[in-house]
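Everything below concerns the one structure shown next.
Letters A, B, ... are given to chains in the order of the sequence lines, protein chains preceding strands, and every chain is numbered from 1. Computation of the quantities below employed the complete heavy-atom set of this structure, encompassing side-chain atoms and omitting hydrogens, waters and symmetry-equivalent molecules.
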Amino acid sequence: MRKTAHNLVAAASIAVIVGALGVGVAPRAEAQDAAIAAEGKKIAFNRRKGNCLACHMMGDGTLPGNIGPPLIAMQARFPDKSALRAQIYDARVKNPRTFMPPFGPHEIISESEIDKITEYVWSL
Amino acid sequence: MRTMTLLISAASLLISAPLATATTPDEDLQAFRQYYQERYPNTPFDDFQNGIYSIDANRRVEWESMEEFPPYEIGLEIGQQEFEKPFANGKTYGSCFKNGGINIRQHYPYFDAATGDIKTLEGEINECRVKNGEKKLGFGKGLLAAVAAYMSSTSNGSRLNVVIPDDPRALEWYNRGKKHYYAKRGQLNMSCADCHYHYAGHNVRADLLHPSLGDLSHFPVYRKKWEARGSGPLAGFGTSHRRFNGCNGQVRAKSYGAQSDEYKALEYFLTFMSNGIPINAPGVRQ
């Protein structure tokens, strides 16, 4: 627990630095990412798709479960977006006995749906 | 088609730790009990008969008010009348069972050395019918579940006492049930143990997960959800196998069906793990 808090703080300060360096990012790309994130949110909240709320507190989703950690400060925890995607794609890589479904390998949702969810989760 | 292959490959099962080391049923039972009792130090042992209500004070209040006017009463009477009514040949269900079928639920399921089979109460109710020239009832719900619920209710207060005799065939049944409980399955790749052992007491969305200790002490249950979906006073009744079907289905795994060998094995394992818990049937559940 303490270790996680520590990492969060460390990662958060990295995020601040990265953010400060990224001043020049094109506004059009940002708007596009936001649209993808909005689609990703729908897929994440859909019970027949991601159904992430079954286990995670995330965004403004109501009645979340409390099985997995709350999905907050994600860019601090996952500075590398592809690491976040990998976690969503197959949580068994990090924890072979995980309770989190193997969304990618079991084709619970599609590759492009995973991309969109990743975009959304990264915005949290 | 693709989903099919996935279901099958997922069924070739990852097995979690408790199976890795060979332990005896008695050792399993001690460890199982101890785990839940340490986790819920405020729940008295006997109270594990009450599922989620044994671990959540708020939901318990709702449930106790439901129990003041038990929704199963009319259905249970129908079960009792059926149990007492003679078959066309003049005999009754009582003639097929020890002690006339009263206060015997705590000994089920049991291993039958003569046939090498696991005998469940529901299975023997139908065997009794056939023996007396009557048609089988449908398994899992309806009149059969109501008769089983009535018979179980005559055991209320008696403690579960399932025996695993010293016979390799009995141990095979037990291990098959144990494997089903701990193995991940289905498209969502979850085991019974994930929900009711490792994460018991957590919420999946708004659903609180009950601890498996005490499972089978209150079956057949009377479930409000089943009542609402069906019609008539028997709609709410369901056996443990009906519940197993539902829980397997939730993780998009194959359901085996009421009185399948797979579920008989699971019932044998789970009931043994609840030995010592007093019966309280039919339990009312949401």
Side-chain angles (χ1 to χ4, degrees), chain A residues 1 4 40-72 85-114 117-118 120-121 124, chain B residues 1-21 39 52 55-56 58-59 179 181-212 246-254 286:
Chain A
M1 201 55 221
T4 323
K41 178 178 177 177
K42 279 194 202 136
I43 301 162
F45 283 21
N46 183 333
R47 280 171 197 269
R48 302 298 308 166
K49 295 281 187 177
N51 197 19
C52 315
L53 286 168
C55 298
H56 295 280
M57 196 203 93
M58 84 198 292
D60 58 2
T62 51
L63 292 177
N66 59 3
I67 308 257
L71 300 180
I72 46 172
R85 188 188 192 279
Q87 169 69 29
I88 298 169
Y89 182 82
D90 190 357
R92 295 174 305 182
V93 175
K94 267 202 195 157
N95 172 9
R97 303 244 309 276
T98 185
F99 192 22
M100 181 159 153
F103 287 101
H106 278 204
E107 296 173 27
I108 298 165
I109 47 180
S110 71
E111 296 276 342
S112 89
E113 287 171 330
I114 292 175
I117 291 182
T118 304
Y120 167 59
V121 175
L124 293 173
Chain B
M1 203 51 223
R2 219 167 194 192
T3 323
M4 274 307 285
T5 338
L6 270 178
L7 282 179
I8 291 160
S9 73
S12 59
L13 310 174
L14 244 169
I15 289 150
S16 46
L19 268 189
T21 44
R39 198 149 159 180
I52 60 170
I55 57 168
D56 187 283
N58 291 333
R59 299 205 195 202
K179 183 171 161 188
Y181 183 79
Y182 287 107
K184 286 185 172 280
R185 66 188 64 251
Q187 193 186 27
L188 299 187
N189 198 45
M190 292 170 185
S191 65
C192 313
D194 279 336
C195 283
H196 300 301
Y197 187 85
H198 300 298
Y199 287 96
H202 285 75
N203 276 85
V204 173
R205 202 80 196 244
D207 288 325
L208 183 66
L209 295 168
H210 81 280
S212 288
C247 280
N248 275 162
Q250 270 190 79
V251 301
R252 303 175 199 165
K254 171 179 170 204
Q286 279 170 350

Closest non-hydrogen contact found for B:Val251 with B:Arg185 is CG2-O, 3.8 Å
Select, from A:Pro101, A:Pro64, A:Ala54, A:Cys55, the one with the greatest count of heavy-atom pairs under 4.5 Å involving chain B.
-> A:Ala54
Going by an N to O cut-off under 4.0 Å, is there a salt bridge joining A:Asp90 and A:Arg92?
-> yes
In terms of heavy-atom contacts, B:Ile55 and B:Pro211 come closest through CD1-CD, 3.9 Å
Go through the atoms of A:Thr98 and report whether side chain, backbone, both or neither lie under 4.5 Å from a heavy atom of chain B.
-> backbone
Do you know which of A:Leu63, A:Leu53, A:Asn66 has the most heavy-atom pairs with chain B at a distance under 4.5 angstrom?
-> A:Asn66
Between A:Glu111 and A:Arg85, is there a salt bridge with N-O shorter than 4.0 Å?
-> yes
Contact part of B:Leu208 toward chain A, heavy-atom cut-off under 4.5 Å: side chain, backbone, both or neither?
-> neither
